[in-house]
Structure formats: structure tokens, C-alpha cells
A.B. asks: 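So that we are looking at the same thing, I have put the structure below in C-alpha cells.
None of the values given here were measured: they were computed from a predicted structure. Atoms within each ligand, like the ligands themselves, are counted from 1 in listed order.
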Amino acid sequence: MQKTKFVFITGGVLSSLGKGLAAASLGALLKARGLTVTIQKLDPYMNVDPGTMNPTQHGEVYVTDDGAETDLDLGHYERFIDEPMSQRNNYTSGSIYYSVIQKERRGDYLGGTVQVIPHITDEIKSAILSIAERPDAPDVALIEIGGTVGDIESLPFLEAIRQMRGDLGRDRCLYMHLTLVPYLRVAGEHKTKPTQHSVKELRSLGIQPDIILCRCEVPVSNELKRKIALFCDVDPDAVFSSVDVGNIYEVPLKLFEEGLDQKVAILLHLPAKNANLTPWRTLVQVAANPEHSVKIGIVGKYVELKEAYKSLYEALNHAGIANRSSVELNFINSEEVTTKTVDSILEGLDGILVPGGFGTRGVEGKILTVKYARENNVPFFGICLGMQCAVIEYSRNVANIAKATSEEFAPLADDKVIYLMTDWFDHRAGCKVYRDTESDKGGTMRLGAYPCNLESGSFSEKAYGCELIEERHRHRYEFNNQYRQRLEEAGLKFTGLSPDGELVEIIEIPEHPWFVGCQFHPEFKSTPMRPHPLFRDFIKAALENSKG
Ligand code: GLN
């Protein structure tokens, strides 16, 4: 196929309808039909990226190989279509305006008046086309517009996608609208009015949807689908149900049963090939019939916020499926873990995980948690801040560095076993990068994929089954090499290092049943079809622990 075709996905009635999951699932179905697919998210907010937003506001910041800090929906995209996302897969109003304003300052507009139409809309269109006009252009690009139709801030995006049908032609653009069809229990029926209003709103902006996807508790009847088709002026076979499911990986199967990918293929004149969904069916089947169960404690700061650790929970879910086990997650607020409470809170867990995080709050509770896991032989997995806490704990309680800490918590302390590195080798840039601690107060983070060599025979090398890996980072602080020898002599193993040996990426305690801390975020690369090896082996160790 020559030219990329576009499916634009908008949402109506209310937010959180699962547009991201719908896009990801349609992507999975098209990929299962043998097509190449990518997905892009356009977010209407003014932040240039979600990197600076609090997890309570925006949920997890998903990091790509090229070091972009993106919307968590990109995590769904990678998990469902198993294609790496990049900076190009996520734009915000902020990033679009930022680049227009930079061009204006440079004088690129040659004295013209810079306006939302055409300058902002053109910038949006070129952002969309940037994923298509490439040597590796996919057959289909799904473009998800964040927010809800009717919001002021999404207007330029809707205008841009409206124009694209004129620019590219009808057979290259398709509009799919996701809407809510509530079920009124008292009346015992579905209600279509919100859908009608939302489509009316979309049409008033010049976009006539081709497909309507109805988010619903129970499937919408054929009769009602015909009614929606009539009122919203779409083909009678272009209205689909997207029912609530227990396991998100069932969504592609449900949408396939509805015939969504078939209709998309017909409307866009895509090759008529049946989707091979055997891997998805097997996955859902295994997930629904676990043979074991395991209890994992997650000790962190935002544990109550499901969205803040989205990829982490998914990675644990994938690892459970890989071990044919259900994974019961116990969320523990680290601020509640004290020397008095630690035993009673953590008792009975088969495995303990301390995830990533920022700031001082709750850190002592995390360090106590590591001590508990180490001393009681409970399989332990520390990720990013979790690894840093493990280093601090080992330094204090085993290597006799009583006041060991991180520069993040105590900038003036003597024994900063975790500290702010001022320069390191950036393999993507092919040179050393320097941090300007004066001007940006250490604002730059080490972001994106970095290579790491694994020590043969270590837990990590056994898990990955190879010696060179690449994992994604998002942190400022690093292990301080001044303490490497002392900790090594005290029994801590540095089993994962950057190729130049300077950056500590993984630490382990070999005598422990399974004790691994990693500076990177492995959860970003776990997919249901390729569960992450570290998570898989962590759950395996926890299962062995549960069987005593
Ligand atoms: N706050 C720590 C750092 O910046 C860890 C970050 C993280 O866990 N993602 O290094």
C-alpha cells in the first residue's frame, strides 16, 4: 500500500469513556489483519507535555525510547499494537502553540498576522502528517483527539482534522465518534439522546462521523443501532457497541465480534483479510483461568491513584498471566509504614515492590519496607526510587554508612549514596552531556532508553536471557560511584551497568531468594504478548515464596 490512511477518533458526552482503549483495540485489530499501524494522541491542554504535571492531575507520565514524556494512553497503544511510540505520537495544544510562537519569533511568517486558522491548524496538520510522511509510514494511523467534543480547547484540533478530509480525500480519512449510551435501569432501556446531541455538536463543526461507537454497560440492540444511525446520519451497519469488560484485553475481541475492523476496512478500502486473533483469545482465556494466586504489596506514595502507576499495574498483570497466576495487589501508603507498624503491615505478602517516585514524603517508610523484605527473604523489586531506597537501606544497615541518603532528600548531607551526576555519556547523542546545575537547578532528567550490560549469572541476566538490554529512564539522581567498592565489599552486587561502566542500572543481593533494584522503569516495555522478564521472574519468586 502506498499512502497512510487516517482514522480520527473523537469523544462525546463525557470524558473517561475509554477513547484510548478503543483506539488501541482498533489498532490491535487492524494489525491482526496484517496492516501496519500507528496511533497518535492530540491533547488539548496547554502544557507542552505531561512531564511537569502532578500524577494526581494527569496520571502516569509514559516515557518512550526517544525520551519523550507522554500521555498514559501511549502506554495502551504500545501494549495493544506492540509498536514503539515516540515524540511524534503525542502533541498537545501547548507543544503546537510553542512551535508556532517560536516560528513567529524567528520571523518565519514574514510579517504576516499569525492566527489560529490557518497557522495553528496547519501546525496540527503537519504534526499529524509527520507520522505518515516517512519511509516507514504505516498503512493506517489512528489519531485520537483528547477531551470531549464541545470543549473550547479542542476546537483547533477538530478544525484541523475536518480540513484533512478535503486535503487528502474521502478514502483516506474516516471519522469515528465514541459516545456514551447510558442504560436507565428504572426505564429498563438505553438512552440515545446524549449521543444525538454530541453528534449534532460534531456536525456543527463540520465533521460528519462515519462510525459511531457506543460505550455501554450492556450491548445496544440492533433496533436502537438503527435509530442512532437514522438520527446521526451514518450507515445502519456503522453503529457499534463497546461494552464494559472485566479485562481490558477483551476489548479487541468484543469489537471484532461487533465487526468494527471490517467496517473500517470497507470504508477505507483496506485489503480484505481476516484478523488472526488467536493470540488475544489465548491471552484472555489464560487470564480468566488462573491456576495460582499471589499477594504483592506495592509500597509507594500515590498507590491509591490507579492512573498514577498504570504501566506498573499492567506489567504485574502481564507477569501474572505469564505465570498462570492471579496477582492480588495490596496498596500500601509508605507514610503509614513505621518501625512500629512495618511487621504487621507487610506480614503475609508474597512479594514486595517499591515503585518510582519523587520527593521526600514517605521515603523512610520505603526504606523500612526494603529492610523488611531483605531480612525476611521476601522477593523484592525496587524500581527507580525503589532501587535508590534499596541502596540507602543497604548502606545504612549492612555497610555501616549510618547516615546514607540521597541528594534529593538531604542536599547537604555527607553520605549521599544517591546523588546528582553532573555529566554522563548519552549514547543517543554519542557524547557526554553536562547538567547545568546553576541555571536549571538540575531540572534535566535522564530520559528514554539507555543500554545496560548484565552480569552473567545474576537474577537479571537469568531473567532477560541475554547480556545487553535497553530500558527506559526518567530520573535525576544516580548511584554515587564513590560508594561502589564499600557496598560491594558489604555484599551488594552491581549487576547492571552502562556500557562505559559509569552508571549503575541494577543492584542485587545474590544470597536473597530474589532481590532486584533497577534504576530504569521496566514497566514501560511490558506488553501482554511479551511480559517483561523482570516482572515475570519477580512474580515467579513470589509464587515460590507463597508455597513456602
Ligand atoms: N526521584 C528519583 C530521581 O529523580 C527517582 C525518580 C523515579 O523514581 N522515577 O532520581
A.B. asks: Out of Glu505, Lys462, Glu461, which residue meets the side-chain contact (heavy atoms from CB on, under 4.5 Å) rule with Leu454?
C.D. replies: Glu461
A.B. asks: Any N or O on Phe358 sitting closer than 3.5 Å to an N or O of ligand 1?
C.D. replies: no
A.B. asks: Of all the non-hydrogen atoms in the protein, which one sits nearest to atom 10 (O) of ligand 1, and at what distance?
C.D. replies: Tyr477 N, 2.9 Å
A.B. asks: Look up atom CG in Leu487 and atom CG in Asn480, then write down how far apart they are to the nearest 0.5 Å.
C.D. replies: 10.0 Å
A.B. asks: I need the nearest protein heavy-atom contact for atom 6 (C) of ligand 1: residue, atom name and distance, please.
C.D. replies: Gly357 O, 3.3 Å
A.B. asks: How far is atom 4 (O) of ligand 1 from its nearest protein heavy atom, and which residue and atom name does that atom have?
C.D. replies: Arg476 N, 2.9 Å
A.B. asks: Report the C-alpha distance between Glu83 and Glu78 in whole Å, list the side-chain angles of each, state the deciding distance to 0.1 Å, and finish with yes or no for side chain to side chain contact (heavy atoms under 4.5 Å, CB included).
C.D. replies: CA-CA 5 Å; Glu83 295 288 338; Glu78 279 203 14; over 6 Å; no
A.B. asks: For ligand 1, is Gln388 a contact, meaning one of its heavy atoms is under 4.0 Å away?
C.D. replies: yes
A.B. asks: If you measure from each heavy atom of Met445 to ligand 1, is any distance below 4.0 Å?
C.D. replies: no
A.B. asks: Considering the options Phe381, Phe380, Phe515, which one meets the ring pair (Phe, Tyr, Trp, His ring centres under 6.0 Å) requirement together with Phe538?
C.D. replies: Phe381
A.B. asks: So is Glu408 polar-close to ligand 1, meaning N/O to N/O under 3.5 Å?
C.D. replies: yes
A.B. asks: Quick test of your reading of the model: are Glu408 and Arg476 salt-bridged, counting only N-O distances below 4.0 Å?
C.D. replies: no
A.B. asks: In ligand 1, which numbered atoms sit nearer than 4.0 Å to a non-hydrogen atom of Arg474?
C.D. replies: 6 (C), 7 (C), 9 (N)
A.B. asks: Give yes or no for whether the N/O distance cutoff of 3.5 Å, strictly under, is met between Gly356 and ligand 1.
C.D. replies: no
A.B. asks: Spell out, as yes or no, whether a donor-acceptor pair under 3.5 Å connects the side chain of Lys366 to the backbone of Ala390.
C.D. replies: no
A.B. asks: Give the numbers and elements of all ligand 1 atoms closer than 4.0 Å to a heavy atom of Cys384.
C.D. replies: 5 (C), 6 (C), 7 (C), 8 (O), 9 (N)
A.B. asks: Could you state the interatomic distance from OG (Ser546) to CD (Glu328), rounded to the nearest 0.5 Å?
C.D. replies: 11.5 Å
